[in-house]
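Letters A, B, ... mirror the listed sequences (proteins, then strands); counts begin at 1. Note that the structure is a prediction, hence the values are computed from the model and not measured.
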Protein chains: 2
Amino acid sequence: MELIKNANELNEDAALDFYEKMFSALADKIRLKIINEISQSPNMNLCVCDLEEKLELQQSKLSYHLKKLVDANILIPEKHGTWNYYRINEEQIQVVLSKDTCCKIF
Amino acid sequence: MELIKNANELNEDAALDFYEKMFSALADKIRLKIINEISQSPNMNLCVCDLEEKLELQQSKLSYHLKKLVDANILIPEKHGTWNYYRINEEQIQVVLSKDTCCKIF
DNA sequence: ATTATTAATCAACTTTTTTTGATACATAAA
DNA sequence: TTTATGTATCAAAAAAAGTTGATTAATAAT
């Protein structure tokens, strides 16, 4: 998945693919909550177990949604020992969404 | 469906509903193409039969997708005699999406 | 009035997405 | 090395979204 800032270089079909994937990833309450929780966390990242507790979701469900966000290049995974942390790819998201929307989601 | 510019007044649950609906409406290639076609049309509006021809889609399928966009307040329907025209609610879409993204989609 | 055109809606069907519980795998601790 | 912890992945089930063809309703033309 390419960075959005290169979207101008994409042909029309690729642009459609890109935006469809991006919007699909954002089109879900659980995933919007994940983004929101991470953005409000002290270090701007959370591990699966943190999110599991904060959002009261079972682990496999969380993994499913995290994968969607990673596939859309909205979240970036970081392995710290046993823990898998996720942080927001702000560059990616800020070019698609307006400031207003970012403020509301983040 | 409220206008996005009132989004700051929404409580968190309502905001989640709002963005989920908005992103869901945009998360589909056919619907992105509809928005694109309308924005490129001379009068900034098209009727169902125009879109049917331009996008080579059957009428009931088109109606289904147009309804999604109207429900999300992204398109505004206008009846002109027998024809149903649709135009983009730019206010709504521009507050959610960045300029870059609007340019690419429109 | 009858016929033709434009477009929404409906029900049945297909496809995609999401959920669930189980399993597997890696790292860390005992 | 055994055990515990954190997390990804898988297959089956459930739910949601999209497609299709037919029907309906409204307006316009004959």
Between [atom2] on [N] and [atom1] on [X], what's the gap in Å once rounded to a whole number?
X     : N      : atom1 : atom2 : answer
B:D71 : D:dA16 : CG    : P     : 17 Å
B:K61 : D:dG18 : NZ    : C1'   : 8 Å
A:L62 : D:dG6  : CG    : P     : 14 Å
B:E53 : C:dT5  : CD    : P     : 15 Å
B:L66 : D:dT19 : CG    : C1'   : 15 Å
B:F23 : C:dT17 : CZ    : C1'   : 19 Å
B:E20 : D:dA16 : CD    : P     : 11 Å
B:L51 : C:dA8  : CG    : C1'   : 15 Å

Is there a side-chain contact between A:M22 and A:I74 (heavy atoms, below 4.5 Å)?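 Yes; the side chains approach each other to less than 4.5 Å.
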Out of [options], which has the shortest distance to the side chain of [X]?
X     : options               : value
A:Q59 : D:dA8, C:dT17, C:dA7  : D:dA8
B:Q58 : D:dT7, D:dG18, D:dG21 : D:dG21
B:K67 : C:dT9, D:dA8, D:dT19  : C:dT9
B:H65 : C:dA7, D:dA8, D:dT19  : D:dT19

Parallel, tilted or perpendicular for A:Y85 and A:H80, by the 30°/60° rule?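 The rings of A:Y85 and A:H80 sit tilted, inter-plane angle from 30° to 60°.
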Which distance, rounded to the nearest 0.5 Å, do you find between the CD of B:E12 and the CG of B:L16?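 These two atoms lie 6.0 Å from each other.
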Using a cut-off of 4.0 Å on non-hydrogen atoms, how would the nucleic acid contact of [X] be classed: base, sugar-phosphate, or nothing?
X     : result
A:Y85 : nothing
A:I30 : sugar-phosphate
A:K29 : nothing

If you assign each of A:A27 and B:S63 to its closest nucleotide in DNA chain C, which residue comes earlier from the 5' end?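 Upstream on the strand: B:S63.
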Return the 5'-most residue of the pair A:Y64, B:S60 with respect to DNA chain C, ranking by each residue's nearest nucleotide.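 It is B:S60, whose closest nucleotide lies nearer the 5' terminus.
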Just N and O in the side chain of A:K68: are any of them under 4.0 Å from OP1 or OP2 of C:dT18?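 Yes, such a contact exists.
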When you measure from the side-chain N and O atoms of B:Y86 to the phosphate of C:dA8, is any distance below 4.0 Å, counting only OP1 and OP2?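 It does, given that an N or O in the side chain of B:Y86 lies less than 4.0 Å from OP1 or OP2 of C:dA8.
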Check the hydrophobic clustering (I, L, V, M, F, W, Y; side-chain heavy atoms under 4.5 Å; chains of links allowed) and say if [X] and [Y] are grouped together.
X     : Y     : value
B:L46 : B:L55 : yes
B:I76 : B:I38 : no
B:I30 : B:I35 : yes
A:L32 : A:Y64 : no
B:W83 : B:L66 : no

Under 3.5 Å: donor-acceptor pair, side chain of B:R87, backbone of B:N43: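 Answer holds: no.
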Pair B:D71 + B:K67, salt bridge at N-O below 4.0 Å: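 Salt bridge: yes.
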Sort me out a list of protein N/O and nucleotides 24-29 of chain D N/O pairs below 3.5 Å, or just none if empty.
none

Please evaluate the base of C:dA7 for a donor-acceptor partner in the side chain of B:E52 within a cut-off of under 3.5 Å?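 Result: no qualifying N/O pair found.
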With each end axis built from five pairs of C1' atoms, what bend angle do you get for the helix from C:dA1-D:dT30 to C:dA30-D:dT1? Round to 10°.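 Computed from the C1' atoms at both ends, the axes differ by 10°.
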